[in-house]
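Presented below is the structure to which this report refers.
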Amino acid sequence: MDRVREILEETNPEALNRERQKKRVGLPELDIDETGDVILRFAPNPNGLLSIGHSRGVVINSEFAKMYSGKVILRFDDTDTKVKPPLVSAYSSIEREFEWISGVKPDAVIRASSRMDVYLEHAEEMISLGFCYVCKCSASKFKSLRDEMVACPCRENGIEENLNGWKMMILGEIGEGEGVVRVKTELDLPNPALRDWPALRIQHTPHPLVGDQYKVWPLLDFQSAVEDHLQGVTHIVRGKDLMDSTRKQTLLYEHMGWKYPKTLYWGRVKLHDFGGFSTSSIRESIEKGDFSGWDDPRLPTVAALRRRGYTPEAIREFWIELGLTQKDISISMQTIDSKNSKIIDPDTVRRSFVGDPVKLSLIYRKDLSGIVEGVSMKNHPDHPEMGYREWGLEHRVIYISKNDYFEGIVRLKDFADIEIEGKNAIFISRERGESAHIIHWNSSDNCRMAEIMIPEDGENKIISGLIEDSEYRVGQIIQLERMGFAKIESVSNESGNISLIWLHG
RNA sequence: GCUCCUGUGGUGUAGUUCGGUCCAUCAUACCGGGUUUUCAUCCCGGCGACCCGGGUUCAAAUCCCGGCAGGAGCACCA
């Protein structure tokens with residue numbers, strides 16, 4: 001080691017002063033040009049609400065915008081009316097979800113379907129300039145020609161002829177699948193996917209927002225390319241499955257003399273806790289009735305996380321920590337849960353929920369005088385300033401969970417040691433004995449019916465029981481002692497009964 | 001098959017640009033201990049990794065070559 005030090009002193013003295021490696025925190029630096037502008041976009045397809053995977057895009061893009069005081073655009077890429085038809089309710093839902101996750105409003109919201117005239121004009125211009133041509137070959141015929149690096153017959157048509165074909169497409173005189181606009185590229189490109197790639201195709205299926213006024217719709221690679229340029233997007237952050245998209249678009253930008261944004265990629269993400277899923281498959285399952293809706297707690301959607309009580313901060317921290325690697329990763333919800341616990345624990349009150357209750361009579365031995373009228377306990381063990389809750393014990397009836405029931409001595413938390421014999425709980429002492437196991441409980445004086453929904457093994461299990469009385473409000477997150485965190489979903493006006501939904505341990 | 005991307009502990013991640021106190025960072029998980037009248041939170045300790053093989057060099061996680069493994073794209077989807 002000293003020998004190394006000597007060598008370093010001679011040859012590379014700076015290395016000695018180098019800081020010991022540290023974990024970089026936060027997102028990496030962006031490559032910024034002279035203007036210093038940072039304009040990003042998050043571009044989901046509104047064929048469904050956002051999944052957990054999408055939330056990565058929201059977080060990364062909005063955080064970069066925050067870091068550089070830049071802008072982030074929310075763009076709905078809704079130009080497929082057929083394979084992935086837009087879900088009308090998704091537009092506003094996604095906008096709200098974006099705000100909820102990022103904590104900021106998008107600087108602009110754009111719907112591709114409302115920008116059709118712009119795309120169509122650009123397409124016509126590009127045909128006029130000879131960069132694009134109308135191809136009437138079938139998809140399979142084109143594919144085989146492409147694989148052989150052979151130009152299709154349509155490629156040789158003159159601009160006038162292309163313009164004619166284009167007009168026919170626009171007018172709806174050409175059927176679906178019978179014509180497409182292609183961008184000219186070198187035909188000997190090593191990557192066959194890029195050769196004369198398709199930019200616009202015919203769709204006669206009406207769009208739920210703009211109806212059937214357009215017969216020709218741009219494909220993602222074209223629509224996104226034009227829109228990114230028009231909006232002055234400086235950085236694109238996308239999944240690496242879209243690498244070929246970058247390459248196609250770059251080819252188009254070269255034709256137009258535009259400058260392509262800097263592009264960053266992330267790899268595929270799999271959640272350990274959920275099987276494979278896609279927006280389309282989730283939508284299908286919901287429509288089939290397999291799930292109650294986008295916020296069904298079994299679903300890996302943003303709506304479900306929000307419903308269950310996850311904080312957007314936890315989601316943001318999580319994705320920021322993962323950063324932007326191109327590795328395909330498999331992650332566990334435990335990591336998010338852990339972050340969420342740390343965030344919510346300090347100001348979450350403790351409450352007692354007894355599931356599958358067993359009713360016990362509290363018996364005092366005749367020779368013991370110390371009858372207890374009530375107990376008092378903290379709302380939060382570490383924060384007495386959060387107040388106390390007071391329980392009465394006049395009726396001398398208590399409940400414990402069936403899981404905790406056994407004949408013998410146990411400690412009722414914050415109250416007393418008791419001995420259970422049959423249906424009786426015989427008071428021993430308020431002092432805590434040596435080995436008495438602590439369990440939670442409720443007093444019949446102040447508890448009410450409650451049920452909690454827990455997603456488990458693909459179904460939403462309902463556990464009925466009793467929760468201590470308190471001022472509960474819908475949306476409140478509480479910690480059920482010895483169970484975990486849960487959110488209040490509803491409080492019945494008549495009975496006061498509570499419905500909870502499970503968050504995490 | 002073609003094109004491309006990626007390989008650091010169980011899971012993620014820092015470090016790789018420009019080789020050097022790197023016997024490798026941090027988080028999470030796990031194990032052990034402490035605090036606590038919750039199985040929560042908190043605190044302490046531990047565990048555990050540079051895909052493989054060559055090469056260059058005084059020195060390689062880092063540079064070069066060759067393997068291998070995993071993933072993605074090859075849609076008139078996004």
Side-chain angles (χ1 to χ4, degrees), chain A residues 1-8 10-12 14-18 20-25 28 43-47 77-80 82-84 135 137-139 142-143 146-147 176-182 189-195 197-203 217 219-221 223-224 238-245 247 265 267-269 272 278-280 317-318 321-323 325-332 334-339 341-342 344-346 348 350 352 377-378 380-383 411-417 432 436 438-440 479-485 505:
Chain A
M1 204 53 89
D2 288 338
R3 167 99 183 100
V4 172
R5 185 168 292 250
E6 278 171 35
I7 295 167
L8 282 179
E10 288 165 27
T11 61
N12 192 5
E14 325 85 73
L16 284 171
N17 303 322
R18 189 168 294 175
R20 196 178 165 76
Q21 69 175 284
K22 271 191 292 205
K23 167 87 173 168
R24 192 203 70 229
V25 284
N45 182 333
N47 66 330
D77 282 350
D78 58 347
T79 57
D80 180 357
K82 201 176 179 182
V83 183
K84 294 184 177 172
C135 170
C137 301
S138 70
F142 183 85
K143 181 177 166 22
R146 181 195 70 185
D147 289 346
E176 292 189 4
E178 288 167 23
V180 68
V181 175
R182 296 189 178 280
L189 253 21
N191 187 344
L194 310 185
R195 299 174 196 152
W197 55 273
L200 302 98
R201 78 324 205 167
I202 296 166
Q203 288 187 135
W217 289 81
L219 285 143
L220 167 91
D221 295 313
Q223 178 272 128
S224 179
R238 54 167 51 138
K240 68 174 184 179
D241 52 317
L242 258 27
M243 279 181 163
D244 283 350
S245 202
R247 297 178 186 112
Y265 303 96
R268 192 183 100 269
V269 178
H272 281 147
S278 68
T279 305
S280 306
E317 277 181 24
F318 175 74
E321 208 170 280
L322 285 200
T325 64
Q326 293 187 28
K327 281 198 276 188
D328 300 320
I329 55 173
S330 199
I331 52 169
S332 166
Q334 274 185 349
T335 312
I336 301 179
D337 292 351
S338 164
K339 293 198 175 304
S341 293
K342 288 174 174 61
I344 63 178
D345 186 84
T348 302
R350 272 54 175 169
S352 177
M377 39 198 133
K378 287 180 196 159
H380 191 296
D382 305 327
H383 299 287
R411 174 78 186 172
L412 299 179
K413 187 170 179 297
D414 290 313
F415 173 36
D417 284 7
R432 188 179 174 194
I438 296 168
I439 63 171
H440 65 291
Q479 192 204 64
L480 304 176
E481 284 179 329
R482 301 212 302 139
M483 286 184 67
F485 297 95

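Bear in mind the structure is a predicted one, so any value in this text is a computation, not a measurement. Heavy atoms only: backbone and side chains are in, while hydrogens, waters and symmetry mates are out.
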Nucleotide nearest [X] when distance is taken to its side chain, options [options]:
X      : options             : result
A:K327 : B:U8, B:C77, B:U28  : B:U8
A:S330 : B:U38, B:G12, B:A27 : B:G12
A:D77  : B:C4, B:A78, B:U38  : B:A78
A:D80  : B:U3, B:C77, B:G15  : B:C77

Check your understanding: Is the distance from OP1 or OP2 of B:C74 to the nearest side-chain N or O of A:R247 less than 4.0 Å?
Key ->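 Checking A:R247 against B:C74: no side-chain N or O falls below 4.0 Å of OP1 or OP2.
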
Practice item. Indicate whether OP1 or OP2 belonging to B:A40 is found under 4.0 Å from a side-chain N or O atom of A:R482. Key: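 Result: no.
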
Between [N] and [M], how many Å separate the two [atom1] atoms, rounded to a whole number?
N     : M     : atom1 : value
B:G15 : B:G20 : C1'   : 14 Å
B:G70 : B:G33 : C1'   : 40 Å
B:C26 : B:C43 : P     : 15 Å
B:C52 : B:U8  : P     : 11 Å
B:U3  : B:G67 : P     : 14 Å

Practice item. Report yes or no: is the cationic atom of A:R182 (NZ for Lys, CZ for Arg) closer than 6.0 Å to the six-membered ring centre of A:F142, at no more than 45° off its axis? Key: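 Yes, A:R182 and A:F142 form such a contact.
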
Practice item. Using a strict cut-off of less than 4.0 Å between a Lys/Arg side-chain nitrogen and an Asp/Glu carboxylate oxygen, indicate whether A:E176 and A:K82 qualify as a salt bridge. Key: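 The answer is yes: the pair qualifies as a salt bridge.
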
**Study point:** Carboxylate-amine/guanidinium contact A:K240 A:D328, below 4.0 Å
**Key:**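 Yes, charged N to carboxylate O under 4.0 Å.
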
Practice item. Would you kindly give the CG-to-P distance between A:L189 and B:C74, to the nearest whole Å? Key: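 Rounded to whole Å, this separation is 16 Å.
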
Check your understanding: Just how far, in rounded Å, is C1' of B:C26 from NZ of A:K342?
Key ->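 Between C1' of B:C26 and NZ of A:K342: 13 Å.
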
Practice item. Mark yes or no for whether A:H380, through its side chain, and A:D345, through its backbone, hold a donor-acceptor pair below 3.5 Å. Key: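 Yes, the answer is positive, given that a donor and an acceptor are paired below the 3.5 Å cut-off.
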
